[in-house]
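Heads up, the thing below is written out as structure tokens.
Atoms within each ligand, like the ligands themselves, are counted from 1 in listed order. Starting from 1, each residue takes its place in the sequence as its number.
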Amino acid sequence: MVTITTEEHEIIEKAIGECKECFVGMIDSEGLPYVIPMNFGYKEDTVYLHSGSEGSSIGFLENNPNVCITFCTDTELTHQNKEVACSYRVRGTSVICRGKVVFVEDFDEKVKALNVIMSQYTTDAFKYSDPAVVNVKVWKVEIERVSARIFGVPYKESHQYNK
Ligand SMILES: Cc1cc2nc3c(=O)[nH]c(=O)nc-3n(C[C@H](O)[C@H](O)[C@H](O)COP(=O)(O)OP(=O)(O)OC[C@H]3O[C@@H](n4cnc5c(N)ncnc54)[C@H](O)[C@@H]3O)c2cc1C
């Protein structure tokens, strides 16, 4: 479980809450990095992901469950002086989380995870058919380490957190 201050937690949760996708990095069968974009849900220092039951990533994670998940909010181009190239900045907040993927097998826990994922995108409530729940692969990542940075703002307003 991550131990961070309330202010750090708020910045991290606000940034993750604004994202529509994340980038999940893992180690492939040759020991090389492999990163895929994924939709996600987040609740209480845990990231939930879902996928089909087969695919390269599933095989990689069965061999090595360690993942590095990066989130980046929508970015905005800003500048202090339109004529000066080095005054241009891309404003955005990014969060990097590390942890291990555990595949959720329990039916009810899968439904809860799917609800967390859906709540990232909509306030609507959903029902899922039994085969849909049985066939989906649900990935649960309890965050073990997290860092956040805010980019493209004046130096005094920039932040960096590492835990
Ligand atoms: C915005 C966004 C959100 C997504 N959300 C999800 C999600 O929530 N769940 C989910 O399962 N998938 C999601 N995807 C698709 C995901 O990125 C992967 O393509 C998918 O999970 C299959 O991955 P795999 O490792 O099983 O690849 P495989 O299907 O085994 O693919 C074989 C090969 O195809 C290439 N490949 C695979 N995926 C990609 C890719 N995204 N871009 C370029 N090349 C690729 C790689 O070289 C890979 O080795 C999302 C994609 C996008 C763009």
Fill in: Carboxylate-amine/guanidinium contact E109 K140, below 4.0 Å
yes
Response to the item:
A student checking ligand 1 against H50 at a 4.0 Å heavy-atom cut-off should list atoms 7 (C), 8 (O), 9 (N), 10 (C), 11 (O)
Fill in: Sub-4.0 Å protein heavy atom near atom 22 (C) of ligand 1
no
Worksheet entry | Heavy-atom nearest neighbour of atom 31 (O) of ligand 1 within options G41, S56, G52 | S56
Worksheet item: Can you list the atoms of ligand 1 that are under 4.0 Å from a heavy atom of S51?
Response: 11 (O)
Worksheet item: Any chance the rings of F23 and F71 have centres within less than 6.0 Å?
Response: no
Worksheet item: Is there at least one protein heavy-atom neighbour under 4.0 Å from atom 39 (C) of ligand 1?
Response: no
Worksheet item: atom 42 (N) of ligand 1: protein heavy atom closer than 4.0 Å?
Response: no
Worksheet item: Heavy atoms of the protein only: does one fall short of 4.0 Å from atom 25 (O) of ligand 1?
Response: yes
Worksheet item: Nearest protein heavy atom to atom 49 (O) of ligand 1: under 4.0 Å?
Response: yes
Worksheet entry | G55: numbered ligand 1 atoms lying under 4.0 Å from its heavy atoms | 26 (O), 30 (O)
Discussion item. For the 3.5 Å polar cut-off, considering only N or O atoms, please tell me whether E21 and ligand 1 meet it.
Written reply: no
Discussion item. Does the protein come close to atom 8 (O) of ligand 1 - that is, does one of its heavy atoms sit below 4.0 Å from that atom?
Written reply: yes
Worksheet entry | Shortest protein contact, atom 14 (N) of ligand 1 (heavy atom only) | P37 O, 3.4 Å
Discussion item. Tell me whether ligand 1 is touched by F60 - counting only heavy atoms on the residue side and a distance under 4.0 Å.
Written reply: no
Discussion item. Closer than 4.0 Å to some heavy atom of S57 - which atoms of ligand 1 meet that?
Written reply: 24 (P), 25 (O), 26 (O)
Item to complete: Indicate, with yes or no, if the rings of F40 and Y48 have centres closer together than 6.0 Å.
Response: no
Practice prompt. Mark whether atom 46 (C) of ligand 1 lies under 4.0 angstrom from at least one protein heavy atom.
Written response: yes
Worksheet entry | Structural part of F40 in contact with ligand 1, heavy atom criterion under 4.0 angstrom | neither
Worksheet item: Nearest protein heavy atom to atom 36 (N) of ligand 1, by residue and atom, and its distance?
Response: Y34 OH, 4.1 Å
Discussion item. Yes or no, since that's all I need: does a protein heavy atom fall within a distance strictly under 4.0 Å of atom 34 (O) of ligand 1?
Written reply: no
Worksheet item: Got V141 and C97 here, is their nearest side-chain heavy-atom distance under 4.5 Å?
Response: no
Fill in: Atom indices of ligand 1, in the order listed, that fall short of 4.0 Å to a heavy atom of I36
17 (O), 21 (O)
